[in-house]
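Within every chain, numbering begins at 1; the chains are lettered A, B, ... in the order of the sequence lines, protein sequences first and strands thereafter.
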Amino acid sequence: MIEWSSTTIKAFQTTLLDWYDKAGRDLPWRHDHEPYHIWVSEIMLQQTQVQTVIPYYERFMAWFPTVTALAQAPEERLLKAWEGLGYYSRVRNMQRCARQLLADYDGQWPQTAAELSDLIGIGPYTAGAIASIAFNEPVPAVDGNAYRVFSRLLEIDADITKPGTREIFEQAISRIMSTDRPGDFNQAIMDLGASYMTARQPDTAHSPVKAFNQAYLDGKELDYPVRTKKPRPQPVDYVAVVTKMGPDWLMTQRGSKGMLANLWTVPLIKLTDLDVTTDDSAADLISAVRQYFKQEYQLILTATTLAVRPVTHTFTHQKWTIQLLQGQVEPAELAFFAGERVSPTDLATLPMPKVQAKIWDRYRQADPE
DNA sequence: TAAGCGTGGAG
DNA sequence: TCTCCAAGCTT
């Protein structure tokens, strides 16, 4: 890692902020410095790109314009607002945070990163972002952009996937950042990371700060940031039973922990829970699923295979391959079923994950009525 | 500290 | 199709 003189630091601040004043992006959450607006945008932007977030942000503000509105919203409505964004615990934690603010802080946001970190769902990055942007506190906001930008500017060799590395960057950035305009400084770094200093194909030749970019000057830009690779997703086989009860659909709500918590899907069963493998015949699969419905749901299922390709869906840690069955049950014994009989009208109000959308698509492909 | 947690885009 | 990456936090 290289060190900058105070002269270099001053020149960098001026260059960066002048560029930001001229070329900074006009984004919906930059129209004011309301902590609620900054907070919502920052949570949505975690591991998610700006282009994806914008329509979600606009709708979220229309549905939940204030901390109080968010605190009082039904969870189903919250998850519906988040449907398709992923990492769904983010929005459940936001509601917990909103309630925490009302209960413990008299509805007033704390104004320092140290205090903001105590709130549910607000980690070191988000605390720094809110504190600097909404409250002008000179603290760094170390996200993926900051890792990328500063590792290249200063040739920082620490592995950014290691938790301890954050402090190295926080210290380096603290010495460099503007104390007059900390919020603009942090946002300028993000805009820089999203434009000239991207991960794959940086355009440093035209970057406003190329003269400060040591890795670029050394021809080693793509060596930064240093990170260890993630393991590839593990394959898991499922069977989805698209089940009708008269005109209605049989839907189940997932548990409150783990993947896709509290979201709704059709009955989705791991093949390993059925004691069958992908090599077994369709008849064996149906037989096992019938048994499963009887034992778990006290429902008598009639099922047929669907002549369509399985649905595949890749998560961060798992790759699902899902066989589709079409099922019917008699509307006799729903009491023990961990789910609901849902009318076509109500179906649209249930929050469902992307993988369920794929299941509907593939089902319609097989059964176009 | 390492693992778990979604989705979309780019190459 | 596969791999990597994107404004991270929690346990």
Side-chain angles (χ1 to χ4, degrees), chain A residues 24-25 27-30 37-57 79 82-94 96-97 116-130 132-133 140-149 159-166 169 183 185-195 197-202 222 224-225 227-236 254-263 265 309 312-321 351-358:
Chain A
R25 291 173 289 182
L27 300 169
W29 46 89
R30 288 184 176 174
H37 297 165
I38 307 303
W39 174 54
V40 172
S41 69
E42 292 300 340
I43 301 292
M44 285 188 171
L45 286 161
Q46 288 170 10
Q47 306 287 284
T48 311
Q49 295 186 342
V50 167
Q51 183 183 338
T52 304
V53 163
I54 290 174
Y56 281 92
Y57 175 84
L79 289 172
W82 215 261
E83 186 181 71
L85 257 191
Y87 287 141
Y88 297 93
S89 67
R90 287 184 290 175
V91 71
R92 299 196 296 140
N93 284 339
M94 279 178 79
R96 294 173 64 199
C97 179
L116 287 162
S117 299
D118 291 337
L119 295 167
I120 294 163
I122 297 185
Y125 162 72
T126 307
I130 298 174
S132 62
I133 298 169
V142 186
D143 67 338
N145 288 305
Y147 280 132
R148 192 167 56 257
V149 168
D159 183 341
I160 65 166
T161 66
K162 304 288 184 195
T165 299
R166 164 178 301 281
F169 279 78
F185 181 93
N186 285 333
Q187 292 185 94
I189 295 299
M190 297 176 204
D191 282 17
L192 200 55
S195 55
M197 297 186 68
T198 56
R200 299 294 190 86
Q201 293 190 316
L222 293 180
Y224 296 93
R227 69 164 88 225
T228 54
K229 291 180 183 174
K230 296 169 196 160
R232 67 178 56 174
Q234 294 302 302
V236 186
R254 296 176 61 84
S256 60
K257 295 186 186 305
M259 284 182 52
L260 310 175
N262 292 3
L263 295 175
T265 68
R309 282 182 297 124
T312 62
H313 189 76
T314 305
F315 300 93
T316 309
H317 295 284
Q318 293 179 6
K319 176 176 179 171
W320 289 5
T321 302
M352 292 178 262
K354 186 59 62 178
V355 66
Q356 179 60 50
K358 289 188 183 177

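- Taking 4.0 Å as the cutoff to heavy atoms of chain A, we find the contact window on DNA chain B bounded by dT1(B) to dG11(B).
- Whole-Å rounding puts the His317(A) NE2 to dT3(C) P distance at 15 Å.
- When heavy atoms are screened at a 4.0 angstrom cut-off, Ala199(A) is found touching the sugar-phosphate backbone but no base atom.
- Remark: the backbone N or O of Gln356(A) is not paired with any side-chain donor or acceptor of Thr265(A) at under 3.5 angstrom.
- The base of dC5(C) is not paired with the side chain of Arg200(A) by any donor and acceptor separated by under 3.5 Å.
- One atom, CG of Asn186(A), and another, P of dG8(C), lie 13 Å apart when rounded to the nearest Å.
- Contact annotation: the side chain of Trp320(A) never approaches that of Lys358(A) to less than 4.5 Å [non-hydrogen atoms, C-beta and beyond].
- One can place CD1 of Ile54(A) at 14 Å from C1' of dA6(C), the figure rounded to the nearest angstrom.
- The closest donor-acceptor contact from the side chain of Arg166(A) to the backbone of Val142(A) lies under 3.5 Å.
- Across the protein-nucleic acid pair, Asp143(A) atom CG and dC9(C) atom P stand 9 Å apart, rounded to whole Å.
- Mapping Ile120(A) and Arg25(A) onto DNA chain C by nearest heavy atom places Arg25(A) closer to the 5' end of the strand.
- The residue among Gln46(A) and Arg227(A) whose nearest nucleotide of DNA chain C is located toward the 5' end is Arg227(A).
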